[in-house]
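In what follows, chains carry the letters A, B, and so on, assigned in the order in which the sequence lines appear, proteins first and then strands, with residues in each chain numbered from 1. Everything quoted here is computed from the prediction, not taken from an experiment.
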There are 2 protein chains.
Amino acid sequence: MTDISYPTKDIRLAVDCIIFGFSGSELSLLLIHRGFEPEKGLWSLMGGFVKDDEHLDESPRRVLKSLTGLDDIYLEQVHAFGDVGRDPGGRVVSLTYFALIRKETEDEVLLDEHDARWFPITDLPELIFDHQEMVKSALKQLILKTRIQPIGFNLLPEKFTLPELQSLYEAIYGRRLDDRNFRRRILSLGILEKLEEKEKSNSKKGAYLFRFDKTAYDALREDAAKMNVFLTLF
Amino acid sequence: MTDISYPTKDIRLAVDCIIFGFSGSELSLLLIHRGFEPEKGLWSLMGGFVKDDEHLDESPRRVLKSLTGLDDIYLEQVHAFGDVGRDPGGRVVSLTYFALIRKETEDEVLLDEHDARWFPITDLPELIFDHQEMVKSALKQLILKTRIQPIGFNLLPEKFTLPELQSLYEAIYGRRLDDRNFRRRILSLGILEKLEEKEKSNSKKGAYLFRFDKTAYDALREDAAKMNVFLTLF
DNA sequence: GAAATAAATGTTAAATTGACATTTAATGCA
DNA sequence: TGCATTAAATGTCAATTTAACATTTATTTC
């Protein structure tokens, strides 16, 4: 940055969070019912202004904490939206972050206070401003990232079954996957630790629980990095 | 964005451009010699402040125009850097954009005026502030994007040879590729139009020139989108 | 002990990838 | 004229990966 002639005092900086959750076989989004004009009654992403003394990535963390009560949320910056006129309240540049949370770990009381609700990604209500575009780009980034990094586990409980994991991938990619091929591929990576326990809520037989093995993944990634080669998970 | 209680009047918004060029077999970066304190004498990315009345993506276009004289540059937003204290001149949030330009179409006079110089990506000088981190993330994004979208052509002249194209991929990925396998793969996509002309500056035999076939690519992408499937170019 | 249900498993053909060496076209110089 | 030089262009084969497909297994409940 060399040109110091144009301070931009009138631009305000905000963050908006695209909060993904997963349950059953559905990927969903946590939205806020907007209680004031303009666009009263529509739904919106949860957001807030960046504080003067706060690092950028802290800002969505604070916002998410206030909405869900959760710390330690997986967050990724997506895009800056800031065209003139995108927000009728003045020049607001908004940084979007997507968040992956384990559904049902969030604080229901806080959610109620914010008039927040989960919506299936396939059936979203009308959103204010350019929030729909924000969701679209976040989903695109989630899809691309999921393919090459094991971030999906942030949407699942620590222990999960292979059918659950497959459903998650299907929900993210928006298409059905062959179960035999999925298992073979995902297990061959060696980044899942099979447990003795079974989860029986979905079937009589029960499905074995697995846990993500971060150490194994780090080694795998290290190897790929050494050879300057792309790592594709599924 | 629902929380309206924290206006951020003291945050200034800037853009910094990571300008990639390619020639010979080298990927390089256009940098500016910093003529003033702090960090005088180091090199930096070309940047500037976002104007109050300018759409976000227009800002790097204006900056690039002033440096290179070029319009119609391929640009992609990369990341917002804005931690407190990253710029000693106050709270400055900087949006980074990477730019792909066809080297030697730029205006030499303007470059001289800005004390700008090309550096091989493998041999960069010391950069101010967090600009090295900016370069790193931009390069990462370039690599990922190159794999799935035909953006590399923006670094080449309209007509190019296969050896040139391969060199470009090698420079971006940072590893050697097998020429026979490269040709087979890239030609099988059907997105290159072979011309009658040959380019003879690099060899006695001469190499056939090709042109990127956008129509064919769009059809290919359309097909992939229909099936919700990933498209990998190379 | 029979029915029901989801989990788990295996095979094969087709396609893709990776590794590898020779021939071709043109130039310039002897 | 033809020989040396140089980078471009080409092909094969084995190994790996992928896609497509159906049956068996473990457990519960009636």
Side-chain angles (χ1 to χ4, degrees), chain A residues 23-26 147-148 156 159-171 173 175-211 220 223-224 226-234, chain B residues 23-25 147-148 156-157 159-171 173 175-211 220 223-224 226-234:
Chain A
S23 62
S25 57
E26 235 171 35
R147 194 188 175 203
I148 57 174
L156 294 174
K159 300 171 180 182
F160 51 83
T161 67
L162 285 189
E164 277 167 4
L165 186 62
Q166 181 178 344
S167 284
L168 173 62
Y169 273 83
E170 289 177 337
Y173 292 158
R175 66 189 163 93
R176 300 303 302 276
L177 303 171
D178 181 273
D179 55 347
R180 289 152 290 186
N181 294 340
F182 179 78
R183 274 166 189 273
R184 176 159 38 112
R185 169 80 188 150
I186 211 80
L187 290 176
S188 74
L189 295 171
I191 61 173
L192 295 184
E193 180 191 359
K194 186 175 185 174
L195 306 176
E196 289 308 311
E197 308 167 65
K198 281 187 163 185
E199 158 63 48
K200 296 201 174 170
S201 61
N202 281 313
S203 78
K204 294 161 180 174
K205 182 177 178 179
Y208 281 104
L209 286 166
F210 287 79
R211 189 164 28 203
L220 188 64
D223 288 350
K226 249 184 212 117
M227 314 210 307
N228 249 8
V229 139
F230 293 107
L231 187 55
T232 305
L233 300 189
F234 195 87
Chain B
S23 61
S25 58
R147 194 186 175 204
I148 58 175
L156 294 174
K159 300 173 181 181
F160 51 84
T161 67
L162 286 189
E164 278 166 2
L165 185 62
Q166 181 178 342
S167 285
L168 173 63
Y169 273 83
E170 290 178 335
Y173 292 158
R175 65 187 162 95
R176 299 303 301 273
L177 302 171
D178 181 273
D179 55 346
R180 289 150 292 186
N181 295 340
F182 179 79
R183 272 162 192 274
R184 181 180 44 189
R185 171 77 188 150
I186 210 80
L187 290 176
S188 74
L189 294 171
I191 61 173
L192 295 184
E193 180 190 358
K194 184 175 186 175
L195 306 177
E196 289 308 312
E197 308 166 66
K198 281 186 163 186
E199 159 63 48
K200 297 201 176 171
S201 60
N202 282 313
S203 78
K204 292 161 182 171
K205 182 178 179 180
Y208 280 104
L209 287 166
F210 288 79
R211 188 159 34 198
L220 188 64
D223 287 351
K226 247 182 213 119
M227 315 212 304
N228 249 9
V229 138
F230 293 107
L231 186 55
T232 306
L233 300 190
F234 194 89

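When DNA chain D is scanned 5' to 3' for any atom under 4.0 Å from a heavy atom of chain A, the first and last hits are D:dT18 to D:dT28.
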(Q) Counting primed atoms plus P, OP1 and OP2 as sugar-phosphate and everything else as base, spell out the protein contacts along nucleotides 13-21 of chain C at 4.0 Å heavy-atom distance: B, S or - for each nucleotide, 5' to 3'. (A) ----BBBBB
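Here the side chains of A:Phe210 and A:Leu187 are in contact, with some heavy-atom distance below 4.5 Å. Side-chain contact between B:Asn202 and B:Thr161: absent, with no pair of heavy atoms (C-beta onward) separated by less than 4.5 Å.
Taking a pair as Watson-Crick or G-U with both hydrogen-bonding distances under 3.5 Å, the stems of three or more pairs touching DNA chain C are C:1-30 with D:1-30.
For B:Arg175, the CZ atom sits in a packed shell: over 12 heavy atoms of surrounding residues, nucleotides or ligands are nearer than 6.0 Å. By the 6.0 Å contact criterion, OH on B:Tyr169 is enclosed, its count of non-hydrogen atoms from other residues, nucleotides or ligands being greater than 12.
A search for salt bridge (charged side-chain N to carboxylate O under 4.0 Å, His left out) contacts involving A:Lys198 returns nothing, not counting sequence neighbours. In this view, A:Gln166 and A:Glu170, A:Leu177, A:Asp179, A:Phe182 satisfy the side chain to side chain contact (heavy atoms under 4.5 Å, CB included) rule, not counting sequence neighbours. A search for side chain to side chain contact (heavy atoms under 4.5 Å, CB included) contacts involving A:Ser203 returns A:Lys205, not counting sequence neighbours. In this structure, the side-chain hydrogen bond (donor to acceptor under 3.5 Å, both in side chains) partners of B:Ser23, at least two apart in sequence or on a different chain, are B:Lys103. For A:Arg211, the side chain to side chain contact (heavy atoms under 4.5 Å, CB included) test picks out A:Glu158, A:Lys159, A:Glu193, A:Leu195, with sequence neighbours left out. A search for salt bridge (charged side-chain N to carboxylate O under 4.0 Å, His left out) contacts involving A:Asp178 returns A:Arg180, not counting sequence neighbours. Listed by chain and number, the residues in a side-chain hydrogen bond (donor to acceptor under 3.5 Å, both in side chains) with B:Glu199 are B:Ser201 (sequence neighbours excluded).
Following rounding to the nearest Å, A:Leu162 (CG) and C:dT9 (C1') show an atom-to-atom distance of 12 Å. Distance CG (B:Leu209) to P (C:dA25): 18 Å, rounded to an integer number of Å. Atoms NZ (A:Lys205) and P (C:dA7) sit 9 Å apart, rounded to a whole Å.
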Extract all donor-acceptor atom pairs below 3.5 Å that involve side chains of residues 226-234 of chain A and protein atoms in other chains or at least two apart in sequence.
unit_1: A:Asn228; atom_1: ND2; unit_2: B:Tyr173; atom_2: O; d: 3.2
unit_1: A:Asn228; atom_1: ND2; unit_2: B:Gly174; atom_2: O; d: 2.9
unit_1: A:Thr232; atom_1: OG1; unit_2: B:Arg147; atom_2: NH2; d: 3.2

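Near-neighbour residues of DNA chain C inside residues 191-203 of chain B, defined by a heavy atom below 4.0 Å, number-ordered: B:Lys198, B:Lys200.
Nearest heavy atom pair, residue B:Gly24 against residue B:Ser167, reads O-CB, 4.3 Å.
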